[in-house]
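Worksheet: the structure to be examined is printed underneath.
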Amino acid sequence: MKLSPDFILRTVCGETMLMPVGENTKRFNGIFTLSETGAFLLDAVTNGATQKEAAERLSREFDIPHDVAESDASEFFAQLAEYGVLS
Amino acid sequence: MAEGKYNIDAVTARSEPQISQKLHAVGRMTGTPVSGTFELTSRCNFNCRMCYIHDDSAVRGKELTAGEWLDLGRQAADAGTVFLLLTGGEPLLRPDFEEIYVGLKKLGLMVSVNTNGSLITGRIEELFGNNPPVRLNISLYAPDNDGYTALCGAPAYDLVAGNIERMVSAGVPVKLNVSFAGQNAASCERLAELVSTLGLPCQTSVYMYPPVRTGNPGRNADRLSPEEAARLRIKWDCLAGSNGKLRSAAGLIEELSRRECEDAVPPAEGVRCRAGHTSYWISSEGRMLMCGMIPVDCGDVLSEGFGKCWLKTRELMRSVVMPAKCSACALRPVCPVCPAACYAETGIFSAAPEYLCEMSACLSRGLLSMDREEEK
């Protein structure tokens, strides 16, 4: 999966943010801030991992129970899908 | 908050989104230029008498090109700029405004635009409707064409009002900026009613800086007297229903005065000045400034690059010391003093701006007097 060209990912002052660009600002005119785990998941899927693999990596990296990681990842990816962040 | 005659969404420091507050707070420690202003032109199609820039000369030859602005935008984004304001003069006067605006937005910058609202037609109207700024700040000078003529030299009310309505209908986030001078002070209530009817967030100013670019510290013949400015501030805030904060501040002043506690500097409310700490201004000629109201040159961005100029800006601001009188002043809770005001009023940073001293004293007296009247 790739980051949609309607967004740019930026990290400033320790904050990882998704900024809408172009006419996407008509749909979403704000800043999507990512938590540390959110940024981790996004990085994983945009570098070739499936959503399931990303959840597994999250569980290992942050020492989170697998079912919790899977549930959190699922919710996160659903939010990204709602805003068209991934393509 | 006390209820006013009109219900106005007053924009204050407390309206600032949390992400912006957080970025600026961290940026202050890391020296990151989180927000900036690009002054695309000093030209304007209005001739507002109290304007800080007031440049009537044709300076198109000295303005940066669109390519130069976009390159600066890239450098700014790389350095950490998130929020960018496009201003002037009147930025929509530039025939290449769309190229600059679209290009900067593509860099992942949250772009706002300041405008007098008279040129939001045709292609620009379509542009903002399809690709809106994060905020479109439209100055509203008067409630009618005669008022516009008196203040701005152009009977532009109908045009501006129509453009505001079309932008709102198109879903563009609009904020109104209302600035008071001698020519529109009498229209205070009509302007409050108009803003309330429009139902838009509004930021008001009663303090007009001297026209700093022409180098006349302390002089602005068209602005209100300090006493008039204070009375108008109270009047507007009462009309808008936003006088609660001011009256709390006045109460604090009274308490401190009673205790005669010289060491208890009242806590500054709202946002501390960010100029030169996390924000910068680039003039239409490509000079970096700490703030648009401080005409101290911090470098030529074209020849020296953004990064070097930003370092100079930070260094210069670090050397600025507020007047001792201001640091210990009991009127701080109601006084909008800042380094820019000191410099604009006196020509140096370390002298207290007497205009603001008088205005704040009048403001404090006025608010305390209101409280006593109500107690009776």
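Since we're looking at a predicted model, the values are computed, not measured. Below, read A as the first sequence line, B as the second, and so on, with proteins coming before strands; counting in each chain starts at 1.
By number of non-hydrogen pairs under 4.5 angstrom with chain B, the leading residue of A:C13, A:P20, A:P5 is A:C13. The candidate from B:T32, B:V172, B:I19 with the greatest count of non-hydrogen atom pairs under 4.5 Å with chain A is B:I19.
Environment of CG in B:N7: sparse, with no more than 12 heavy atoms of neighbouring residues, nucleotides or ligands closer than 6.0 Å. Surrounding CD of A:Q79 are more than 12 heavy atoms belonging to other residues, nucleotides or ligands, all under 6.0 Å away.
Heavy-atom proximity under 4.5 angstrom to chain B picks out A:E23, A:T25, A:K26, A:N29, A:G30, A:I31, A:T33 from residues 23-50 of chain A. Using a 4.5 Å heavy-atom cut-off against chain A, the contacting residues of residues 72-81 of chain B are B:A77, B:G80, B:T81.
In this structure, a donor-acceptor pair under 3.5 Å is present between the side chains of B:E63 and B:T41.
Only the backbone of B:P133 comes within less than 4.5 Å of a heavy atom in chain A; its side chain stays farther off.
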*Give the intermediate values and the outcome of salt bridge (Lys or Arg N to Asp or Glu O under 4.0 Å) for residues B:R94 and B:E99.*
CA-CA 10 Å; B:R94 288 194 63 135; B:E99 182 186 350; over 6 Å; no
*salt bridge (Lys or Arg N to Asp or Glu O under 4.0 Å) between B:E126 and B:R123, worked out*: CA-CA 5 Å; B:E126 195 185 330; B:R123 182 68 201 128; 3.2 Å; yes
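In this pair, B:Y280 and B:F38 present their aromatic rings tilted. The plane angle is within the 30 to 60° band.
Taking the six-membered ring for Trp and the full ring otherwise, A:F7 and A:Y83 have centroids separated by 6.0 Å or more.
Residues B:L104 and B:L86 approach most closely at CD1-CD2, 3.7 Å, considering heavy atoms.
Here B:E68 pairs with B:L64, B:T65, B:L302 under the side chain to side chain contact (heavy atoms under 4.5 Å, CB included) rule; sequence neighbours left out. For the side chain to side chain contact (heavy atoms under 4.5 Å, CB included) test, residues two or more places apart in sequence or in another chain that qualify with B:K175 are B:V11, B:R135, B:N137, B:N177, B:P201, B:Q203.
Taking 4.5 Å as the limit, some side-chain heavy atom of B:V178 sits within range of a side-chain heavy atom of B:T204.
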